[in-house]
Each structure stands twice: as C-alpha cells, then as structure tokens.
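Just follow the structure's listing: the first ligand is 1, and inside any ligand the first atom is 1. Residues take their numbers from the sequence shown, with the count starting at 1.
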Amino acid sequence: MSEAKRIDGKAFAENLRKQVAVNVKKIKTEHSITPGLAVILVGDDPASQVYVRNKGVQTKECGMNSFEFKMPDTVSEDELLAKVEALNADALVHGILVQLPLPDHIDEARVINAINPDKDVDGFHVINSGRLATGQKSMVPCTPAGCVMLVKNALGDDLSGLRAVVVGRSNIVGKPVAQLLLNEHCTVTIAHSRTKDLAEECRRADILVAAVGRPQMILGDWVKPGACVIDVGINRIAAPERGEGKMRLVGDVDYDSAAQVAGSITPVPGGVGPMTIAVLLAATVTACCRIEGIPEP
Ligand code: GUN
C-alpha cells in the first residue's frame with residue numbers, strides 16, 4: 001500500500017485564520033463592532049505562556065481586540081472569579097478563555113462555570129457540554145472542532161455510518177470529539193487506559209483519534225488499512241540523533257508505521273496543533289455575532 005496522505009493542519013489553519021480576518025473586517029465595517037478575546041493566564045508555566053502569547057499575536061493579526069491578564073500562581077480563587085465576573089460584564093469582551101491547567105488550590109470547574117456560557121469560547125462550561133450533548137446550539141471546544149474539520153477535509157463532509165474510535169476520555173478532547181463525531185452520525189467508541197485489547201478496538205476504526213498523551217503508543221498494525229488517523233498528542237521526547245540533550249515533538253501515533261497503513265494522517269507537529277488557535281479565533285467571531293445579535297458572516 002502507498003504512503004498515507006499527510007493532512008496539512010498548518011495550511012488549513014492558515015486559511016481558516018484568513019477567513020476569520022475577512023469576517024472581522026466585515027463586522028467592523030458593517031456594524032462598527034470589533035470582536036474581543038480576553039485570556040487569563042495564572043502562573044508561569046512555560047508551555048502555557050507560549051500558547052497565550054501565540055493567541056494574543058494571532059488575535060491581533062485577525063483584526064480583533066486582544067486582552068491579556070496575567071495573575072500570579074498565588075492568586076486566590078475569589079480574585080480569579082472576580083476577574084471572570086468583570087470580563088462577563090465587559091461589553092468589549094466577546095470571548096473569555098482561562099488558560100488551563102490552574103494551580104491546585106483553585107477549583108477549575110468552579111472558575112470555568114463562572115464564565116458567561118455565551119462568552120465561553122473554549123466550550124468547557126457545563127452548559128455548553130450539555131448543549132453539545134443534546135444537539136443544541138453551543139460553543140464547541142476548539143481542538144475537537146479542529147479535529148473534525150481535518151477529518152472532513154480528508155474524507156469529505158459526509159461521515160455518516162463510519163466507525164470512529166477515540167482513544168482518550170478527557171473533558172478537553174476525548175469526550176467532546178466523540179460527541180462531535182456522534183453528531184456527524186458516526187458509530188463512536190471511546191477507548192481509554194482500561195480498555196481491553198485496545199489494538200483490536202483501534203483496528204476497527206475508519207476514523208482513529210488519538211488523544212492520550214503517550215508518545216508513539218499507537219502503532220501501524222493497530223490501524224485499519226485506509227483509515228483516517230488524527231493525532232492530537234504533543235509529546236516531547238529525547239532526540240539524541242539531533243545532538244546531546246536535544247528534544248523533538250512526537251504524537252500519540254507512531255507516524256512512520258501508521259503512515260504505511262492509513263489512508264490519511266495528521267503529522268506532529270503541523271497537524272492538529274495549529275488548528276486550536278485558528279478555531280478559537282473563529283469561535284470568538286461566532287460568540288461576538290451571537291452576543292451582538294448580528295448575522296454570522
Ligand atoms: N490548555 C491546553 N489546551 C487548552 C485549551 O484548549 N484551552 C484552555 N483554556 N487551556 C488549555
């Protein structure tokens with residue numbers, strides 16, 4: 001079998017951001033409104049700092065207002081909740097994102113559920129997960145939405161009847177991606193660390209989504225020939241071949257062996273990763289239009 005088609009998430013995300021910029025311009029000219037995204041970062045986790053910086057840069061590049069709030073990791077839950085409340089009440093802010101993870105002394109669910117669900121661009125509020133699960137209009141988690149866009153890019157818009165296996169059951173990726181695929185009429189299995197014969201489950205998948213956070217765990221012989229493989233994992237591993245102490249990024253899928261069997265596959269980096277921020281920017285425009293009562297471009 002020939003090598004799988006490489007799904008170019010970087011190019012897809014670039015196009016999506018260009019479309020967001022066009023939509024933002026239209027909203028500004030026709031309604032004199034500028035969509036605004038507020039991001040709260042607590043503490044100084046290096047990975048989170050990089051994410052938040054990229055979010056800020058890309059938000060401004062699309063013509064939107066970017067508001068960034070940095071709080072020390074000693075911040076109290078009440079102070080953080082007060083900041084969320086202030087942003088709920090701020091008419092210039094259409095999207096609110098609290099960067100996760102939060103320090104241990106803060107109740108993550110309490111903070112997320114304090115966000116106005118209509119401004120919850122992450123789609124993590126229980127009201128939004130409930131709306132998603134019951135087929136109501138909701139804000140949708142960004143990485144899962146990006147995964148489904150890439151699947152449709154590879155397989156076409158009609159996913160009905162396909163078998164999807166999602167490996168991983170996190171609230172951020174596994175559960176919502178399973179829900180989105182179910183809404184697309186796939187037959188969905190959620191597999192996880194206690195699943196019996198995980199390889200066998202994976203081999204049944206027309207669409208295989210890996211979101212477990214274990215480097216290169218899913219091997220080529222776990223993949224059904226021709227399957228669409230979406231790798232959400234971003235794992236840093238030692239790369240002695242690049243020199244002493246060097247690291248490189250790999251996914252949850254062993255790309256080289258899986259690409260020999262799959263029909264299409266996302267690389268790491270350059271697959272799902274770049275999609276998250278692009279989808280977040282699109283979600284901010286959506287939230288803005290709904291809140292302001294103007295048509296979505
Ligand atoms: N940390 C890692 N990914 C995410 C995300 O998608 N949203 C938020 N808020 N925090 C994250």
Side-chain angles (χ1 to χ4, degrees), residues 9 13 16-17 36-59 66-71 73 75 77 80-81 83-84 87-88 93-104 106-129 132 138-150 166 168-180 209-213 230-236 249 251-252 268-269 271-284 286-287:
L16 187 55
R17 286 202 306 271
L37 172 64
V39 175
I40 304 177
L41 173 62
V42 178
D44 47 17
D45 174 65
S48 293
Q49 281 176 331
V50 172
Y51 272 135
V52 168
R53 196 176 325 123
N54 289 339
K55 277 173 201 160
V57 169
Q58 294 183 27
T59 303
S66 167
F67 308 100
E68 236 172 78
F69 302 93
K70 297 201 168 135
M71 303 179 116
D73 59 9
V75 74
E77 192 172 294
L80 184 52
L81 288 168
K83 187 75 228 169
V84 169
L87 296 173
N88 283 343
V93 172
H94 302 97
I96 302 171
L97 181 146
V98 179
Q99 184 68 27
L100 302 178
L102 290 171
D104 288 345
I106 292 176
D107 180 346
E108 221 161 74
R110 188 157 178 238
V111 173
I112 286 164
N113 292 329
I115 299 172
N116 173 350
D118 297 333
K119 294 190 177 186
D120 169 35
V121 279
D122 258 329
F124 293 162
H125 193 296
V126 278
I127 290 201
N128 282 318
S129 40
L132 181 64
S138 72
M139 297 306 294
V140 176
C142 302
T143 304
C147 291
V148 175
M149 287 178 193
L150 294 181
V166 178
R169 52 174 158 177
S170 70
N171 292 334
I172 291 183
V173 182
K175 284 183 215 164
V177 85
Q179 193 61 61
L180 287 170
V209 181
V212 269
I230 304 291
D231 190 351
V232 188
I234 300 177
N235 310 288
R236 204 170 286 279
L249 290 183
D252 293 346
V268 177
V272 175
M275 292 296 289
T276 303
I277 297 182
V279 176
L280 171 73
L281 302 174
T284 305
T286 300

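Between Thr143 and Ile172 the shortest side-chain heavy-atom distance does not fall below 4.5 Å. Counting heavy atoms from C-beta outward, Asp231 and Val272 have side chains that stay 4.5 Å or more apart. Looking at heavy atoms from C-beta onward, Val232 lies out of side-chain contact with Asp252 at the 4.5 angstrom threshold. Side chains of Leu87 and Lys119 form no contact here, defined as non-hydrogen atoms less than 4.5 Å apart.
By the 3.5 Å distance cut-off applied to N or O atoms, Gln99 is counted among the residues near ligand 1. The shortest N or O to N or O distance between Asp122 and ligand 1 is under 3.5 Å.
Contacts between Leu100 and ligand 1, counted as non-hydrogen atom pairs separated by less than 4.0 Å, involve both the backbone and the side chain. Contacts between Val98 and ligand 1 below 4.0 angstrom, taking non-hydrogen atoms only, involve the backbone exclusively.
Smallest separation of non-hydrogen atoms from Cys147 and Ile230: SG-CG2, 3.8 Å.
There is a protein heavy atom closer than 4.0 angstrom to atom 6 (O) of ligand 1.
Listed by atom number, the atoms of ligand 1 under 4.0 Å from Leu97 heavy atoms are 9 (N).
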